[in-house]
There are 2 protein chains.
Amino acid sequence: MTTRWLTPEEQRAWRAYIAGYLLLEDAIDRQLQQEAGMPHAYYSILANLSDAPERRLRMTDLAERLKMTRSRLTYAVTRLEKDGLVRREDCEWDKRGSVAVLTDQGMAVLESAAPGHVDTVRTLLFDRLSPEQVGQLEQIFTQVAQGLQGDGGEAAPDELPWRRRSSPCSGTPQPDDRAT
Amino acid sequence: MTTRWLTPEEQRAWRAYIAGYLLLEDAIDRQLQQEAGMPHAYYSILANLSDAPERRLRMTDLAERLKMTRSRLTYAVTRLEKDGLVRREDCEWDKRGSVAVLTDQGMAVLESAAPGHVDTVRTLLFDRLSPEQVGQLEQIFTQVAQGLQGDGGEAAPDELPWRRRSSPCSGTPQPDDRAT
DNA sequence: TCCCCTTGGTTCAAGTTTGAAACAAACCTA
DNA sequence: TAGGTTTGTTTCAAACTTGAACCAAGGGGA
């Protein structure tokens, strides 16, 4: 099949997208590095844990939510643990498991960094978009993400027995926020 | 000033965007790594050079176009040079300068990798978007990027004398394509 | 129960990225 | 034209990411 190249419109969109997200991620990374001493991905780990029940999540769950590889997460959590922001605990009913828990210190760091981070995201992104564009952005990337993870199947996450034991290693999502 | 947190709509958009671009970049990187033995950023270097007049560009110009730091580019070009895909030459009228040139071999590698890459971008992104969404994507990220580079001022790049000497170290943009 | 296959996590080496120097050439100004 | 600043590029160490092993432990099934 003879390659279907990108149309001029697609090329422009692609270029704009690449430039935009590179600049945006760069700016966010720098801001967080300066004000919180960690890259965006690490901040996201803290933010994600803070939203989870009991501030704890199993490594694999966390990795999946953050779209990180497990080894990357292992490395990151090790660093955050050294900094005292996260603690690792064993999962009781699955001896293979490891649970990352946000410490009080981690929560404190997160709370002190959050305003600056949110402000950056707002200033650099949302303040420049109309409400309609915010909706379009969500719609576009939701479609893209679905195609990329849905591909695998993602069996409906219905009642996996161990997810409900009284003292869960990980919990279920929750809409709260510190902006990723 | 008391932080203006993200609205629910903004939160959803932000989360979708983060997940989407992480998955997308990951997929693109893996595809290129497998089929061309290099990450997306490196492919972009080749693609960008191939579009430039005489397939050559000064390091700084290249870095700016690709939104890369200079040191990152230095490292990348050194690697590509080892692979024989790019060659470095001295800039004649500015002895500080260094020019990256795409070799024939580099061009060949690029051309063999392009179809697969474009196909990936198309399948994962454009085939999932309506024509309107493609336009929205461009518009949104153009606005974002403008805010991020325009901030610095970016004095109108009017006639810098050396840019026009008969045998330019770098040239001017050009709309052609191999999908970044 | 004994195997074998899958799953959850970590480890290790190799490759990349970052940011802060270090240099050298080009520019400007007095 | 000497001296100081800016610009173009590389270098270096430290941090981060990747992917391929590796090591349990869990889950069947014969």
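Everything numeric in this text was worked out from a predicted model, so none of it was measured.
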Is a salt bridge present between [X] and [Y], judged by a nitrogen-to-oxygen distance below 4.0 Å?
X: Asp119(A); Y: Arg4(B); result: no
X: Glu89(B); Y: Arg87(B); result: yes
X: Glu10(B); Y: Arg122(A); result: yes

Task: Earlier contact from the 5' end, DNA chain C, for Lys95(B) and Thr78(A) - done: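 Nearest nucleotide further toward 5': that of Thr78(A).
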
Ignoring backbone atoms, establish whether [X] has a side-chain N or O less than 4.0 Å from OP1 or OP2 of [N].
X: Arg79(B); N: dG15(C); value: no
X: Thr60(A); N: dG9(C); value: yes
X: Arg88(B); N: dT10(D); value: yes
X: Tyr75(B); N: dT17(C); value: no
X: Arg70(A); N: dG19(D); value: no

- [ ] Would you please classify the geometry between the Trp14(A) ring and the Phe126(B) ring as parallel, tilted or perpendicular, with 30° and 60° separating the classes?
- [x]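 Rings of Phe126(B) and Trp14(A): perpendicular, over 60°.
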
Task: Parallel, tilted or perpendicular: ring planes of Phe141(B) versus Tyr17(A), cut at 30 and 60 degrees - done: perpendicular

Integer-rounded Å distance: [N] [atom2] and [X] [atom1]:
X: Glu89(B); N: dG8(D); atom1: CD; atom2: C1'; value: 17 Å
X: Glu25(B); N: dT18(D); atom1: CD; atom2: P; value: 11 Å
X: Met38(B); N: dT17(C); atom1: CE; atom2: P; value: 13 Å
X: His40(B); N: dG15(C); atom1: NE2; atom2: C1'; value: 18 Å
X: Met59(B); N: dA24(C); atom1: CE; atom2: C1'; value: 16 Å
X: Met68(A); N: dG8(C); atom1: CE; atom2: C1'; value: 17 Å
X: Leu73(A); N: dT7(C); atom1: CG; atom2: P; value: 19 Å
X: Gln34(A); N: dA15(D); atom1: CD; atom2: C1'; value: 17 Å

Open item on the list: From C-beta outward on Asp94(B), which listed nucleotide comes closest to its side chain: dA26(C), dT17(C), dT10(C)?
Closed with: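 Closest nucleotide among those given: dA26(C).
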
TODO: Taking only the side-chain heavy atoms of Arg58(A) (C-beta and beyond), determine which of dA26(C), dT18(D), dG9(C) contains the nearest atom.
DONE: dG9(C)

- [ ] Report the residue (Gly97(B) or Asp26(B)) whose heavy-atom-nearest nucleotide on DNA chain D is the more 5′ of the two.
- [x]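 That would be Gly97(B).
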
Taking N and O atoms by type only, does the side chain of [X] place a donor or acceptor under 3.5 Å from a partner on the base of [N]?
X: Thr74(A); N: dG9(C); result: no
X: Ser71(B); N: dG19(C); result: yes
X: Arg96(A); N: dT7(C); result: yes

